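Just so you know, these numbers come straight off a predicted model, no measurement behind them.
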Amino acid sequence: MGVEKMVCLVSRTGRQFQRYNKGRRQVVGCIPYRFKLSSDGKFSDELEILVISSQKGHAMMFPKGGWELDESVEEAAARESLEEAGVLGNIGHQLGKWDFLSKSRGTYYEGLMFPMLVTEQLDLWPEQHARQRIWMNVVDAREACRDWWMKEALDVLVERLSSPLNQPKENKTISISIETMC
């Protein structure tokens, strides 16, 4: 008998439980990545980066959203990746923190980004009808991403993964439960 995986297909909404720091809404996201499979079925050292479309479909970005009071920063990053991109994986050490101006709100936000080594890509996920997801090489992903601070986070990830001395010793595995999602 196989194990069935059940995921709540509804994204969290509303801002009443959002975290703020010095008046700036805190948003958290991931750069989902994997190593490309070569023709012989083995993993190569070539990185592939997952980018997603904005809800209106006019721009490409990495999964990100509000960090809520009832979750750790890593849980928020994993939740956003599941909701927006339909991927699960291992969260690495924070890539950095950026202050940026929200184009839609005209206010400053604080953005925290994490790497996520993707271990599973789901066929069904909460925002599958609102977003497209595309695996790209690093150069194309950097070019496609609209936000300067996300491009900087990608640069940090690439530098970290290309230098054995900079790689984290361990990644956190964050499990998302139905209770966390709903």
Side-chain angles (χ1 to χ4, degrees), residues 15 18-36 44-68 71-119 121 127 131-174:
R15 297 204 172 173
Q18 298 285 295
R19 290 180 189 255
Y20 289 82
N21 183 21
K22 299 177 186 164
R24 294 181 179 190
R25 181 173 174 240
Q26 292 181 297
V27 295
V28 179
C30 280
I31 299 178
Y33 72 95
R34 67 185 182 191
F35 293 96
K36 190 173 185 175
S44 70
D45 58 359
E46 186 181 343
L47 272 182
E48 289 185 307
I49 307 296
L50 185 66
V51 294
I52 60 170
S53 63
S54 64
Q55 284 189 324
K56 294 183 176 111
H58 301 302
M60 301 304 282
M61 62 187 61
F62 303 120
K64 65 118 177 81
W67 175 15
E68 300 193 356
E71 58 193 354
S72 72
V73 67
E74 294 90 357
E75 288 170 339
R79 176 181 51 77
E80 289 296 337
S81 296
L82 174 61
E83 287 178 357
E84 295 185 355
V87 292
L88 303 170
N90 299 325
I91 304 287
H93 295 280
Q94 185 175 313
L95 296 168
K97 181 175 14 175
W98 291 265
D99 289 330
F100 66 94
L101 183 63
S102 167
K103 290 176 175 64
S104 63
R105 303 257 176 195
T107 59
Y108 279 94
Y109 284 17
E110 180 180 87
L112 297 90
M113 292 297 285
F114 293 83
M116 174 189 270
L117 177 58
V118 174
T119 57
Q121 182 172 303
E127 297 185 19
R131 299 182 188 273
Q132 292 182 348
R133 62 181 178 192
I134 304 167
W135 286 100
M136 299 181 170
N137 65 41
V138 171
V139 172
D140 291 343
R142 190 177 196 291
E143 188 175 309
C145 185
R146 87 168 166 203
D147 296 315
W148 64 269
W149 65 281
M150 288 187 177
K151 291 178 192 238
E152 283 189 10
L154 178 58
D155 292 344
V156 173
L157 173 61
V158 170
E159 182 180 331
R160 183 182 290 175
L161 292 175
S162 64
S163 171
L165 298 176
N166 290 337
Q167 289 186 15
K169 301 293 183 267
E170 62 185 57
N171 285 329
K172 294 184 180 182
T173 301
I174 303 295

Handout entry: ring-ring contact (aromatic ring centres under 6.0 Å, His included) partners for Y108, two or more places apart
Key =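 Once residues adjacent in sequence are excluded, Y108 has no partner under the ring-ring contact (aromatic ring centres under 6.0 Å, His included) criterion.
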
Would you name the heavy atoms of [X] and [Y] that are closest together and state the gap between them?
X    : Y    : value
E143 : K151 : O-NZ, 3.8 Å
L157 : P115 : CD1-CB, 3.5 Å
D140 : N137 : N-OD1, 2.8 Å
E110 : N21  : OE2-ND2, 2.9 Å
S81  : M116 : CB-CE, 3.7 Å
V118 : P32  : CG2-CB, 3.6 Å

Handout entry: Flag side-chain contact, heavy atom, 4.5 Å: L47 against F35
Key =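 SC-SC contact between L47 and F35 confirmed.
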
Handout entry: Pairwise side-chain contact, I134 with M60, heavy-atom cut-off 4.5 Å (strictly under)
Key =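 Yes, side chains in contact.
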
Which value, rounded to the nearest 0.5 Å, describes the distance between [X] atom [atom1] and [Y] atom [atom2]?
X    : Y    : atom1 : atom2 : answer
Y20  : Y109 : OH    : OH    : 7.0 Å
R24  : L101 : CZ    : CG    : 9.5 Å
C145 : M150 : SG    : CE    : 5.5 Å
F114 : E80  : CZ    : CD    : 12.5 Å
M136 : E48  : CE    : CD    : 11.0 Å
E68  : R79  : CD    : CZ    : 4.5 Å

Practice task
Quick one: do D147 and F62 satisfy side chain to side chain contact (heavy atoms under 4.5 Å, CB included)? Show the steps, please.
Solution key: CA-CA 9 Å; D147 296 315; F62 303 120; over 6 Å; no

Treating [X] as the side-chain partner and [Y] as the backbone partner, does any N or O pair qualify as donor plus acceptor under 3.5 Å?
X    : Y   : answer
R146 : S54 : no
R133 : I52 : no
E84  : K64 : yes

Handout entry: Partner of I31 by side-chain contact (heavy atoms from CB on, under 4.5 Å), out of V51, V158, L50, L95
Key =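 It is L95; the other options fail the test.
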
Practice task
Start with the C-alpha gap between T107 and R25, add the side-chain angles, then the distance that decides, and say whether side chain to side chain contact (heavy atoms under 4.5 Å, CB included) holds.
Solution key: CA-CA 9 Å; T107 59; R25 181 173 174 240; over 6 Å; no

Practice task
Return the set of residues passing side-chain hydrogen bond (donor to acceptor under 3.5 Å, both in side chains) with R142 (not counting sequence neighbours), or none when no residue passes.
Solution key: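 Testing R142 for side-chain hydrogen bond (donor to acceptor under 3.5 Å, both in side chains), a comparison that skips the adjacent residues, returns D155.
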
Problem - Geometric class of the W149/W98 ring pair [parallel <30°, tilted 30-60°, perpendicular >60°] - result: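 Plane angle between 30° and 60°, so tilted.
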
